[in-house]
There are 2 protein chains.
Amino acid sequence: MVEQSLRLDFIFGSLADPTRRDILRRIAKEEMSITEIAKPYKMTFAAISKHLKILEKAKLIAKKRQGKQQVVHLTPATINDAAEYLKEYEKIWNQRLDLLEKYLSTFPT
Amino acid sequence: MVEQSLRLDFIFGSLADPTRRDILRRIAKEEMSITEIAKPYKMTFAAISKHLKILEKAKLIAKKRQGKQQVVHLTPATINDAAEYLKEYEKIWNQRLDLLEKYLSTFPT
DNA sequence: TTATCATTCAACCAAATGGTTGAACAATCT
DNA sequence: AGATTGTTCAACCATTTGGTTGAATGATAA
């Protein structure tokens, strides 16, 4: 499953940048045109266009044309995949809480 | 909350690399010495040491000395934070799907 | 068709990332 | 103390990343 791993590279790579997380947060509330998305940031429009390209490659967002402008919205399936990945770890932790407690007690307080 | 955002930078940045995800996966099953962690990878020991530094900075792992060697284990709280972050998005999507369903149900079948 | 608005592309730059090698340091064993 | 095992550090290199500017393209409105 090399492709699967690559997908996670893109997803987590996208989420590693604060501007991109902020964009996701904003379009989660309501879909927006690219110009509208770019407005609050101090960087250039081209920089935002690049960020959107990265989010699109990770399939975290999608664009659709609406007349002159393009409207951006979240792609539900993808963050779900990332969440599923992290849930595996939560499961392991829950199974091993007793052991973890032992580890933690070895640290100085 | 700039620090919080920075923490997410580190967490997701860590998870964006396949070698680091693989290390997490392996030590999730059982804690391991650094030498043991490094064994299966083709890259140098120093490279693995760097990857561990990155995971440590993100607080996804912690080391403790056990005699001559250092043993690495997961840090439970941190992935939880990332999972919480992603859960917010799942919540939003679920709300939207509910609305969509409600909307669709107003039409005759 | 031309002007205008919305967006991307290309070329460039500085800084960060992921790797290498070889020397240095830490802890234990003899 | 010296040898051995385990791990990090420093210097270096190639590639990627996140930004810039200015020109080019796409779609609609006049």
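Worth knowing before you read on, the calculation uses all heavy atoms, side chains too, and leaves out hydrogens, waters and symmetry mates. Lettering follows sequence order; numbering is per chain, from 1.
R21(B) approaches L15(B) most closely through the heavy-atom pair NH1-O, 2.7 Å.
Residues passing the salt bridge (charged side-chain N to carboxylate O under 4.0 Å, His left out) test with K59(A): none are found, sequence neighbours excluded. Applying the salt bridge (charged side-chain N to carboxylate O under 4.0 Å, His left out) test to E36(A) and every residue at least two apart in sequence or in another chain returns nothing. Every residue meeting the side-chain contact (heavy atoms from CB on, under 4.5 Å) condition with T44(A), not counting sequence neighbours, appears here in chain and number order: A46(A), A47(A). Here K42(B) pairs with nothing under the salt bridge (charged side-chain N to carboxylate O under 4.0 Å, His left out) rule; sequence neighbours left out. Annotation: side-chain contact (heavy atoms from CB on, under 4.5 Å) contacts of T35(B) (sequence neighbours excluded): S33(B), F45(B). Every residue two or more places apart in sequence or in another chain that forms a side-chain contact (heavy atoms from CB on, under 4.5 Å) with K53(A) is listed here: E56(A), K63(A). Annotation: side-chain contact (heavy atoms from CB on, under 4.5 Å) contacts of A16(A) (sequence neighbours excluded): F12(B).
The only option from R20(B), R25(B), R26(B) that meets the side chain to side chain donor-acceptor pair (under 3.5 Å) definition with D22(B) turns out to be R25(B).
Using a distance-only test at 3.5 Å, with no hydrogens or angles considered, no donor-acceptor pair links the side chain of R65(B) to the main chain of Q70(B).
Straight-line distance from the CD1 atom of I48(A) to the P atom of dG18(D): 12 Å, rounded to whole Å. Going from atom CG of D9(A) over to atom C1' of dT17(D) covers 15 Å, rounded to whole Å. Rounded to whole Å, the distance from CD on Q70(B) to P on dT5(D) is 18 Å. What separates CG of L52(B) from P of dT7(D) is a distance of 10 Å, to the nearest Å. One can place NZ of K57(A) at 15 Å from C1' of dG18(D), the figure rounded to the nearest angstrom. Between the NZ atom of K64(B) and the P atom of dA27(C) there is a distance of 17 Å, rounded to whole Å. Per the geometry, NZ belonging to K39(B) stands 13 Å off P belonging to dT5(D), to the nearest Å.
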> How does protein reach along nucleotides 25-30 of chain D, written 5' to 3' as B (base within reach of a heavy atom under 4.0 Å), S (only sugar-phosphate), or - (no contact)?
Replying inline: --SS--
> What string of B, S and - do you get for nucleotides 15-20 of chain C, 5' to 3', if B is base contact, S is sugar-phosphate-only contact and - is no contact with any protein heavy atom under 4.0 Å?
Replying inline: ---SBB
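Out of dG6(D), dT8(D), dT8(C), the shortest distance to the side chain of K63(B) is found at dT8(D).
Distance check: K50(A) NZ to T19(A) OG1 gives 13.0 Å after rounding to the nearest 0.5 Å.
For DNA chain C, the stems formed by at least three consecutive Watson-Crick or G-U pairs, with both atom-pair distances below 3.5 Å, span C:1-30 with D:1-30.
Contact annotation: S49(A) side-chain N/O to dT8(C) OP1/OP2 distance is under 4.0 Å.
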